[in-house]
Amino acid sequence: MIGSSSSSSSSSSSSSGAEEQPVSTPRPKRKIEEMETPVRRLGDPMGVYGVFVANSRALNLKPYMREYLKPDIKGIVDVASPGDITGKDAVTRTTNSIAKLVDDLFRSRDSSANDREERSKQSIRDWLSRNSKSRMTKKLVDHLFSLFSQFQPLVPMKGKANGRRSNKGKAAENTVVKTERDMYNPVKSFVSFISQCIRLQSKLKTPPKRLIKPFEKTDARPKDSEHDWRVDIALKCASLKDTSLSRSVPRNAAVKEPVELEDRPELADTFAYMELKYHEADMDNAYAQLFRYTKELYMAQHDRRFIWGMVMCNTTVHACIFGPNYAAASKSMKLTTGTGRKDFIRLFVNWSFCDSRKLGYDPAISYDYASQCLVIQADSSDNKTTKTFYSREVIVCAERMFGRHTRCFKATATKPDQPGENDTRKPHEQMDCNIFIKTAWTEAPENAAADGRDEVRHLSKITDRLKSVTSVKGMYPELCDDCNSGRVCFTDPVSGKSYEDTSKTVLGDDVWSQLVDRNTALRVHKHIYARGIGKPIKYIRSVPEFIVVAADVMRCHWEIIGNCDILHRDISVNNMLVRRNSNGEARGMLIDFDHSIAISNTDEPTHAERTGTLQFMSISNLEKSELKPTALDDWESMLYILCWVGTFGWNSKTRPDKTGSGKAPKKLHRWHQGTLEEIADAKRTDLDSSNNFQQIISEFNLGLGNIGLLVNLVKKLRYVLIDKCSSNLRGALKQEDLIPNTETGMLEVVVFSDPFEERAAKWKELSESLLTVLEDSAQQAREQLRK
């Protein structure tokens with residue numbers, strides 16, 4: 001089982017004082033080299049918003065917050081609690097010890113004695129003598145006192161206004177916290193104070209496994225970020241061997257240019273973000289920014305199962321867990337109260353003592369620094385042995401804040417040599433990869449047998465049924481014979497029991513029950529490996545190539561329907577890959593069957609879950625229609641993809657601002673901004689008539705070569721999908737009227753007909769016509785490529 005380890009190995013690690021590394025858990029039987037930092041970004045992962053939307057900051061996050069934010073959840077702090085009794089005992093003792101020290105320091109500060117500083121330092125010396133084996137030096141005591149002194153302006157003295165002190169106080173104590181920027185250093189100093197106390201707490205049977213420390217640079221843009229966002233405070237995992245004393249930012253940094261410190265946040269090494277606001281009324285804005293920044297962490301870190309975060313408004317703190325379909329926020333922790341500070345301290349202590357899985361990392365994915373590659377482990381079909389794969393190239397990264405967090409890797413079962421110094425090829429080009437690995441969190445029942453959308457089951461059927469269909473050879477992943485159900489399982493090192501990695505087991509029964517009460521569906525973590533390799537569509541070289549790839553994808557889609565009775569239901573740019581024949585010719589590949597259903601299965605829910613990327617989702621999907629999905633939903637998605645690519649391009653080089661088109665597209669932003677109902681209404685309006693649709697085409701990127709091929713294609717596809725029907729089926733708008741209610745007498749909107757619903761009965765006929773149009777266009781594209 002993934003992440004399994006024996007009790008004996010766990011106890012021996014604890015007794016020897018060895019610390020766990022930030023991402024990987026000990027797996028001595030596998031002899032996989034433990035990594036020292038979270039998995040770093042490989043290659044150039046594609047993010048739909050990063051490529052297509054220039055101003056991501058303008059995205060309206062409030063609809064996401066309304067749907068996914070679950071506030072005031074009890075027990076969030078203890079989600080990170082260690083699973084073993086000795087670990088829990090160490091957390092309790094450490095938390096109580098540090099909380100008591102902080103309370104003592106505040107009592108000394110609030111006293112009227114003239115020797116407040118000396119009394120505070122004596123409290124620190126007493127604490128060190130009781131709890132630490134470290135050599136007590138004046139430098140150490142002064143350092144801890146300095147960290148606490150920088151935090152205390154955030155907590156007003158009893159009977160005093162915030163930050164106001166008598167003339168006998170020190171400069172740090174007299175500091176007035178008036179703005180958000182004034183909060184950075186006090187909060188960072190308190191986190192550093194907690195971290196140092198955890199490191200010094202050495203009289204424990206079970207030592208901590210890591211420290212959670214702040215990056216020194218606050219209000220900073222992460223080094224490896226593609227955006228200009230500035231995060232308030234970033235937290236990182238640090239080794240217990242890191243004994244460096246934290247530097248403090250000079251107070252004049254608030255009025256002068258920020259001091260340039262070496263320790264700037266980096267996406268690849270960030271554990272969590274803290275978003276700060278001075279006014280408690282800005283809580284929603286704090287959450288919105290935390291949502292945005294956390295999304296970027298998902299893109300950068302391929303081993304994250306879930307991500308922690310914090311918002312702090314004035315002295316009120318909420319801890320958050322960002323999962324695939326929820327953002328669970330804790331009840332408030334007030335740093336002005338002993339209880340609130342103790343909860344805050346306990347969270348950092350939990351993070352320091354818990355297994356790395358409770359930090360949100362995937363122990364099945366690590367980084368081998370010697371070979372410079374990812375090491376990915378997956379259970380084989382017998383669930384007793386583990387397959388190990390190696391990858392240097394990420395095909396798809398988790399670019400969305402919520403969803404399945406799908407990641408795809410090109411991999412090999414042969415461990416690669418270290419990249420050669422004299423080899424001119426890139427490291428990933430030096431590997432002969434023939435395995436396609438996918439990790440995702442899919443909506444599924446706890447009972448695997450009842451999972452009607454099980455991707456392994458679908459791929460097994462597709463692999464078997466399409467063996468003889470040579471026209472689509474290589475256009476879909478072929479499931480490896482020894483791939484198991486795909487469900488990731490862990491073994492508890494204490495109890496020895498095996499459990500599946502689900503959103504329920506991540507959060508625990510108590511927390512999960514509160515989310516279920518708020519309509520949160522269960523997600524199951526899956527790892528799947530198959531044969532068949534492709535690259536993201538950003539590697540397509542021209543408009544004609546894109547059309548060829550799209551035709552291959554939809555031909556494969558059609559053959560899977562006809563031969564396997566399976567409907568894909570999630571056509572998007574991330575689920576289309578390009579592969580090249582030996583002569584360099586581009587061909588398409590369809591992947592990701594997480595949301596596929598058996599067409600003949602009448603018991604499967606219709607649109608119980610909205611699937612796909614907003615700009616490519618069908619109207620029925622957006623409206624959560626009771627209409628059973630058909631192939632026309634997927635064809636509608638393909639039409640949106642072609643329009644999107646025609647407008648924004650398919651990579652950074654084909655964006656309008658790079659090709660000199662001189663236009664700033666506005667229409668298509670309505671396809672992913674606003675509420676789901678507003679997006680659906682925008683799409684209905686744009687498709688309703690050829691004149692409306694022409695406004696979409698008018699914003700196509702004329703700087704792209706052969707854009708005329710794409711213009712003609714989307715016009716023909718829309719005609720077949722919307723207009724090539726009897727008159728009562730034309731158009732895209734619902735036929736509505738105001739009818740008086742017989743009981744209330746009030747006028748009500750009544751829908752007489754929906755063209756999409758009525759067209760669904762002719763899905764086979766229309767799908768064949770649409771495929772003919774697309775393949776005819778692909779033939780013209782191939783002729784263009786031969787010129």
Side-chain angles (χ1 to χ4, degrees), residues 43-53 393-397 399 406 408 410 426 428-429 433 436 472 474-477 532-557 570-592 613 615-616 634 637-661 665 668 700-714 717 774-787:
D44 182 19
M46 174 184 181
V48 172
Y49 290 123
V51 172
F52 295 132
V53 184
E393 188 170 1
V394 181
I395 302 174
V396 175
C397 67
E399 88 289 341
T406 301
C408 299
K410 288 178 65 174
K426 296 180 180 179
H428 70 270
E429 295 173 342
C433 295
F436 175 88
V472 293
M475 294 183 186
Y476 58 90
I533 296 294
K535 288 190 173 186
I537 62 168
K538 66 177 183 177
Y539 290 102
I540 289 176
R541 298 168 184 168
S542 64
V543 168
E545 280 197 353
F546 196 96
I547 294 174
V548 169
V549 168
D552 283 350
V553 165
M554 297 312 292
R555 165 54 68 182
C556 181
H557 176 271
D570 189 17
I571 302 296
S572 73
V573 290
N574 280 340
N575 295 336
M576 299 167 56
L577 300 181
V578 59
R579 58 191 181 84
R580 296 195 179 275
N581 294 339
S582 56
N583 60 2
E585 181 184 6
R587 303 303 304 267
M589 184 177 181
L590 178 62
I591 64 170
D592 198 352
T613 306
Q615 52 265 50
F616 310 133
D634 288 347
S637 294
M638 178 54 74
L639 176 58
Y640 297 145
I641 289 172
L642 294 171
C643 290
W644 194 270
V645 167
T647 304
F648 296 106
W650 55 89
N651 58 29
S652 59
K653 295 180 180 179
T654 54
R655 291 196 321 231
D657 58 324
K658 298 293 185 180
T659 57
S661 68
L668 287 194
F700 271 26
N701 185 353
L702 300 181
L704 294 174
N706 295 300
I707 191 65
L709 288 175
L710 197 56
V711 169
N712 292 333
L713 172 59
V714 297
L717 290 176
L774 183 52
E775 291 192 324
D776 287 347
S777 180
Q779 183 57 38
Q780 296 176 26
R782 290 189 185 94
E783 293 173 359
Q784 189 67 37
L785 289 169
R786 294 190 190 103
K787 292 182 179 179

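Hydrogens, waters and symmetry mates play no part in the numbers below; they use all other heavy atoms, side chains included. Please read these numbers as outputs of a predicted model, since none were measured by experiment.
By the side chain to side chain contact (heavy atoms under 4.5 Å, CB included) test, I533 pairs with K410, F436, sequence neighbours left out. In terms of the ring pair (Phe, Tyr, Trp, His ring centres under 6.0 Å) criterion, residue partners of Y640 (sequence neighbours excluded) are, by chain and number, W671.
Contact check for K535 versus E393: side-chain heavy atoms found under the 4.5 Å cut-off. Residues S777 and N712 have side chains not in contact (no heavy-atom distance under 4.5 Å, counting atoms from C-beta outward). In this structure the side chain of F546 never reaches within 4.5 angstrom of the side chain of L709, judged on heavy atoms. In this structure the side chain of N706 never reaches within 4.5 angstrom of the side chain of S542, judged on heavy atoms.
Side-chain atoms of R579 never come within 3.5 Å of backbone atoms of M589 as a donor-acceptor pair (strictly under, hydrogens ignored). The backbone N or O of D570 lies less than 3.5 Å from a partner atom in the side chain of N575, making a donor-acceptor pair. Panel note: side chain W650, backbone I540; a donor-acceptor pair is recorded below 3.5 Å. The main-chain N or O of N581 is never found under 3.5 Å from a side-chain atom of E585 such that the two would form a donor-acceptor pair. Remark: the backbone N or O of T654 is paired with a side-chain donor or acceptor of N651 at under 3.5 angstrom.
Remark: L717 CG to M554 CE distance equals 9.5 Å, nearest 0.5 Å. The line from CG of L639 to CD1 of I571 is 13.0 Å long, rounded to the nearest 0.5 Å.
A donor-acceptor contact under 3.5 angstrom links the side chains of N574 and E399, judged on distance only. Side-chain contact, D634 with S637: no donor N or O sits under 3.5 Å from an acceptor N or O.
Across all non-hydrogen atoms, the minimal contact from I395 to P536 is O-CG, 2.9 Å. V548 and A781 get closest at one heavy-atom pair: CG2-CB, 4.0 Å. The minimum heavy-atom distance linking I537 with M576 is given by the pair CG2-O, 3.3 Å. Looking at every heavy atom in both residues, L668 comes nearest to C643 through CD1-O, 3.7 Å. F700 approaches V711 most closely through the heavy-atom pair CD2-CG2, 3.7 Å. G646 and I707 make their closest contact through O-CD1, 4.1 Å (heavy atoms, listed as atom of the first residue, atom of the second, distance).
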Run the side-chain contact (heavy atoms from CB on, under 4.5 Å) test on E783 and Q779 for me, step by step, so that the C-alpha distance in whole Å, both residues' side-chain angles and the decisive distance to 0.1 Å come before the verdict.
CA-CA 6 Å; E783 293 173 359; Q779 183 57 38; 3.8 Å; yes
Please evaluate residues V645 and V543 with respect to the criterion side-chain contact (heavy atoms from CB on, under 4.5 Å), reporting the C-alpha separation (whole Å), side-chain torsions for both, the decisive distance (0.1 Å), and the verdict.
CA-CA 9 Å; V645 167; V543 168; over 6 Å; no
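Counting only residues at least two apart or on different chains, the salt bridge (Lys or Arg N to Asp or Glu O under 4.0 Å) pairs with a member in residues 547-557 are D552-R587, D552-R782, R555-E559, R555-E775.
Between F616 and W644, the angle of the ring planes goes over 60°, which puts this pair in the perpendicular group of the 30/60° scheme.
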